[in-house]
Protein chains: 2
Amino acid sequence: MIGVNPLALEQQVCFALYSASRAVTAAYRPLLAPLGVTYPQYLVLLVLWEHGTRSVRDLGEALHLDSGTLSPLLKRLEASGLVTRARAAEDERQVRVGLTDAGWELRERAVEIPAQLHDATGVDDETLAALHRACHALIEESQR
Amino acid sequence: MIGVNPLALEQQVCFALYSASRAVTAAYRPLLAPLGVTYPQYLVLLVLWEHGTRSVRDLGEALHLDSGTLSPLLKRLEASGLVTRARAAEDERQVRVGLTDAGWELRERAVEIPAQLHDATGVDDETLAALHRACHALIEESQR
DNA sequence: CCTCTTTAGGTTGCGCACAATTGAATCGCG
DNA sequence: CGCGATTCAATTGTGCGCAACCTAAAGAGG
């Protein structure tokens, strides 16, 4: 096709991805607000609920985040009374992040969230599966 | 399936979307750094290159961003010498954002970026098209 | 044992996102 | 025309992301 603008906003996949990601985070916001956590904080809790106590490094690998992001975020989660932070005795470089009782209890309330969001977005499963696959393909490629 | 964890991180589409979006922004960073702009600033330039002078409101609608994000961003673009900002004479509530000569000239260098990124990510066109469609479906739904 | 290197986490600084508020300009309706 | 409602942009405050830098602890090699 002659005359196609390679810089046209709406045909940029990057922009669709950026907008969709923000839209989904925005959809989570009202569901997470009653729990008193933000979306990135919720992601940290997902890791801890699934795997138990983890080092800051482990969290960073799971979420693709560095200590510059995680350190202050974890301090806020600690201030909220949801997690504990303590230097590991075996290796004092590491900080072990674990859930408090309140952190574990919050899981009960969070269990409903994925289904609520699924209903709220109203996108069919086939499209979501395609989205999931495509995102993973991009993430895989970016890690090389 | 019995025993599936609804909160398992890796099966959350939201997390895949969040990670992929950050990965793509990271892929843009080294390409945009020589132009002296960030990824959100690049998006603003895409709108201006495509449609010419626009109000802050127009930019916000195109990019799904509000003035709290755009005002300081546009000031930085102005400080970089890429755009001008001026109150509209017809309606002094509006601020018209336009490109400077340097802003227009930057487009010449930006034209190559989409192709460079496409090559760098190495994801096939079919997957990208599916991603684009799925993201738009999500964005559509979120606007209701 | 002693240095050199690596690893882990924290801090600082900057630039988004976004909610909430403000102030000015314009509009709409009586 | 007058005036309350609406629109537009800016500002403030909070919380990410991320680069750059720093410190302390652990490992590796002689």
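Below, read A as the first sequence line, B as the second, and so on, with proteins coming before strands; counting in each chain starts at 1.
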Given salt bridge (charged side-chain N to carboxylate O under 4.0 Å, His left out), test A/Arg85 with A/Glu78 step by step and report yes or no.
CA-CA 7 Å; A/Arg85 298 188 312 135; A/Glu78 186 181 34; 3.2 Å; yes
Of all the choices, D/dT7, D/dC16, C/dA19, which nucleotide is nearest to the side chain of B/Asp66 once you look at every atom?
C/dA19
Atom pair distance, as rounded to whole Å: CG in A/Leu59 and P in C/dA8
13 Å
Does A/Glu126 CD have over 12 foreign heavy atoms under 6.0 Å away?
no
With a cut-off of less than 4.0 Å, is there a side-chain N or O of B/Lys75 near OP1 or OP2 of D/dT11?
yes
Using a distance-only criterion (donor-acceptor N/O pair, under 3.5 Å, no hydrogens), is the base of D/dA9 paired with the side chain of B/Ser71?
no
Nearest whole Å is fine: how far is C/dC16 P from B/Leu63 CG?
12 Å
Protein-nucleotide distance (B/Leu73, atom CG; D/dA9, atom C1'), rounded to Å:
14 Å
Assert: residue with more 5' nearest nucleotide on DNA chain C, out of A/Arg29 and B/Glu92, is A/Arg29
Expected output: side-chain A/Trp49 to main-chain A/Gly103 donor-acceptor under 3.5 Å:
yes
Given atom CG of B/Leu70 and atom P of D/dC8, what is their separation to the nearest angstrom?
14 Å
Quickly work out the B/Tyr28 OH to C/dC16 P distance and round it to whole Å.
16 Å
Is any side-chain N or O of A/Arg87 closer than 4.0 Å to OP1 or OP2 of C/dA8?
no
Donor + acceptor pair across side chains of A/Asp125, A/His118 (<3.5 Å):
yes
Tell me which of A/Ala26 and A/Pro72 sits closer to the 5' end of DNA chain C, going by the nucleotide each one is nearest to.
A/Pro72
Output the rounded distance in Å from OH (B/Tyr39) to P (D/dC18).
14 Å
Would a distance-only check, ignoring hydrogens and angles, find a side-chain to backbone donor-acceptor pair under 3.5 Å from A/Thr100 to A/Leu82?
yes
The answer to which of A/Arg93 and A/Arg76 contacts DNA chain D further toward the 5' end, by nearest nucleotide, is A/Arg76
D/dG17 phosphate, OP1 or OP2, under 4.0 Å from B/Tyr18 side-chain N/O
yes
Side-chain donor/acceptor contact of A/Thr38 with base of D/dG15 under 3.5 Å:
no
Side-chain N or O of A/Arg22 versus OP1/OP2 of C/dC18: is the shortest distance under 4.0 Å?
yes
What nucleotide, of D/dA19, D/dA9, D/dA25, holds the atom closest to the side chain of B/Arg57?
D/dA9
Students often get this wrong, so: under 4.0 angstrom with heavy atoms, is A/Ser55 touching a base, only sugar-phosphate, or nothing?
sugar-phosphate
Return the value, rounded to whole Å, for the distance between atom CD of B/Glu90 and atom P of D/dC8.
13 Å
Assign each of A/Gln41 and A/Asp91 to its nearest nucleotide of DNA chain D by heavy atoms, then name whichever residue's nucleotide is nearer the 5' end.
A/Gln41
Just how far is it from atom CG of A/Leu9 to atom CD of B/Glu50, taken to the nearest 0.5 Å?
6.5 Å
Identify whether any heavy atom of B/Arg96 sits under 4.0 Å from a base atom; if not, whether one sits that close to sugar-phosphate; answer base, sugar-phosphate or nothing.
nothing
Interatomic distance, B/Asp58 CG vs D/dT7 P [rounded to whole Å]
15 Å
